Amino acid sequence: MGHILVVGAGLAGSEAAWAAANAGAHVTLIEMKPHKYTAAHHSPGFAELVCSNSFKAKRQDSAAGLLKQELKLMSSVCMQAAQSCEVAAGGALAVDREIFSKTVTRLIKSHSRIKIEHREITDVSELQGDAVIIATGPLTSAPLASNLKSILGKSLSFYDAAAPIVAADSVDSELSFCASRYGKDGSDYVNCPMDKLQYEAFYQALITAETVPLHEFEVEDGLVRFYEGCIPIEALAKRGKDAIRFGPMKPVGLTDPRTGHRPWAVLQLRRENAEGTMLNLVGFQTNLKFGEQKRVFRMIPALQKAEFFRYGVMHRNTFIDSPRLLNPSFALKDNSRIFFAGQITGVEGYMESASSGIIAGINAVREARQQAPFILPRQTMMGALAAYISDDSVKGFQPMGANFGIIPPLEQQVRDKKERHAMLSHRAINLLKQKLVQF
Ligand SMILES: Cc1cc2nc3c(=O)[nH]c(=O)nc-3n(C[C@H](O)[C@H](O)[C@H](O)COP(=O)(O)OP(=O)(O)OC[C@H]3O[C@@H](n4cnc5c(N)ncnc54)[C@H](O)[C@@H]3O)c2cc1C
């Protein structure tokens with residue numbers, strides 16, 4: 001039957017324990033609360049929502065909505081709880097956070113195959129079981145984080161510094177051009193040029209845009225602790241009018257074919273996935289509010305109609321270098337008995353964490369039974385997230401939430417975005433259902 005140890009009873013750990021126990025394993029779920037709390041957790045229950053009480057859009061033709069549909073099909077304990085304590089929030093699924101956490105806690109505690117232990121794990125080697133799942137989240141306690149660092153080496157990050165990602169087909173090809181600096185190494189970058197007036201308007205908007213308030217534990221002497229090698233674009237801009245024009249937006253080595261001249265400033269976009277459907281705004285890691293990112297970055301002419309797959313974020317976040325370390329089953333590539341789940345794997349968001357917990361939970365049991373891993377098709381949102389975090393062609397890995405850019409495109413081109421998303425969702429749900437029938 002197997003004995004599975006799950007560390008951390010957050011969104012991912014609760015799901016992992018639930019999925020493993022439902023698959024017939026005996027599970028010990030180890031949670032350090034209430035003896036010790038992270039800086040963001042305050043209540044003793046499981047699956048505590050540390051910030052927003054929303055699980056985002058419900059519409060199945062949205063990325064977040066599709067993920068929730070898939071979670072439901074996978075018997076997610078978080079979805080079961082969420083539906084019992086939904087609060088009115090327009091098209092979003094929002095919950096009463098206290099009832100949500102209490103419901104997940106009650107369901108987990110009443111499962112006959114789940115045993116709970118309240119203690120802090122500080123050393124992974126003390127965990128004896130047929131398989132182990134580490135789901136200690138973005139604020140993994142410091143002793144465990146340093147233990148993981150000693151095991152995984154440089155492959156552990158303590159903060160996000162992610163730049164936004166836009167849909168390649170939403171970038172205006174008339175107002176951008178493909179080239180690499182000095183014509184070297186092909187024409188891998190999509191360059192978004194600006195003239196002096198455009199740059200000055202953009203610059204003013206950037207330095208006056210609203211930023212996300214930081215949490216106490218992220219700040220030291222009024223500055224974000226992690227500023228050194230990854231300064232947000234707006235903070236760099238505030239150092240002087242030309243700071244970003246000599247930095248990430250430098251135009252050197254580039255000639256705009258429309259004018260035959262070097263632009264005043266350039267934003268470069270780089271491929272984020274092999275298909276080239278997602279483009280990363282190079283050097284634009286940012287702490288601006290999401291609405292402000294859309295408003296300000298769309299002032300760059302080629303991005304006037306940009307569709308954002310992911311907004312930039314900068315916050316305290318412990319996560320491992322999953323593409324180098326994990327399989328899509330969420331097991332370590334070099335130790336199939338040890339799994340990771342949740343935000344620590346580089347998925348971003350409550351439901352994304354829940355999703356990885358389910359896959360890790362199922363696969364931990366399969367590992368204990370020496371069965372082949374359960375891998376979902378990449379066309380599903382859950383499968384796409386698992387594929388993304390374990391794809392070692394990804395460079396400069398940064399956390400990723402559900403979005404349609406990580407799903408392989410449809411075979412036919414569908415111009416209308418709503419229709420395209422509806423078709424992608426339809427395909428995902430059908431494939432997931434087929435997979436579950438075979439499972
Ligand atoms: C401040 C903050 C705000 C966020 N806001 C949002 C948001 O609004 N919306 C959103 O979608 N996502 C948000 N996230 C991102 C993320 O989705 C959530 O953090 C989510 O809770 C991650 O789920 P998880 O299961 O991986 O980790 P968590 O839910 O954090 O669960 C980890 C659990 O492990 C326990 N633990 C930690 N270390 C140990 C140890 N050594 N031994 C035993 N137990 C341990 C913790 O006490 C905790 O219960 C936020 C993250 C942070 C840090």
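Whatever order the structure lists them in is the order used to number ligands and atoms, beginning at 1. Just so you know, these numbers come straight off a predicted model, no measurement behind them.
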Once you restrict to heavy atoms under 4.0 Å, what part of [X] touches ligand 1? Side chain, backbone, both or neither.
X: Thr136; result: both
X: Ala47; result: neither
X: Ser141; result: both
X: Leu144; result: side chain
X: Met32; result: both

Distance filter under 4.0 Å to [X] heavy atoms, resulting ligand 1 atoms:
X: Glu120; value: 41 (N), 42 (N)
X: Leu11; value: 21 (O), 23 (O), 25 (O), 29 (O)
X: Arg119; value: 43 (C)
X: Ala12; value: 25 (O)

Option whose closest heavy atom lies nearest to [atom], chosen from [options]:
atom: atom 28 (P) of ligand 1; options: Met351, Glu348, His41; answer: His41
atom: atom 16 (C) of ligand 1; options: Gln343, Glu31, His118, His35; answer: Gln343
atom: atom 12 (N) of ligand 1; options: Gly349, Ser52, Cys78, Gly8; answer: Gly349
atom: atom 42 (N) of ligand 1; options: Leu139, Ile30, Ile121, Leu148; answer: Ile121

Is the shortest N/O to N/O distance between [X] and ligand 1 below 3.5 Å?
X: Val7; result: no
X: Ala40; result: no
X: Thr140; result: no

I'd like to know if [X] pairs up with [Y] as an ion pair, taking the criterion as any Lys NZ or Arg NE/NH1/NH2 lying under 4.0 Å from an Asp or Glu carboxylate oxygen.
X: Arg378; Y: Glu275; answer: yes
X: Glu86; Y: Lys58; answer: yes
X: Arg270; Y: Asp188; answer: no
X: Arg119; Y: Glu126; answer: yes
X: Arg59; Y: Asp61; answer: yes

Could you list all the side chain to side chain donor-acceptor pair (under 3.5 Å) pairs where at least one residue sits in residues 131-143, not counting sequence neighbours?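 Applying side chain to side chain donor-acceptor pair (under 3.5 Å) to every pair that reaches into residues 131-143, excluding sequence neighbours, yields Glu120-Ser141, Thr136-Thr140.
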Is the charged tip of Lys289 near the ring of Tyr311: under 6.0 Å from the six-membered ring centre and within 45° of its axis?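 Negative - Lys289 is either too far from the ring of Tyr311 or too far off its axis.
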Classify the ring geometry between Phe284 and Phe202 as parallel (under 30°), tilted (30 to 60°) or perpendicular (over 60°). parallel
What residue among His41, Arg97, Lys33 forms side chain to side chain donor-acceptor pair (under 3.5 Å) with Glu48?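 In the set His41, Arg97, Lys33, the residue that makes a side chain to side chain donor-acceptor pair (under 3.5 Å) with Glu48 is Lys33.
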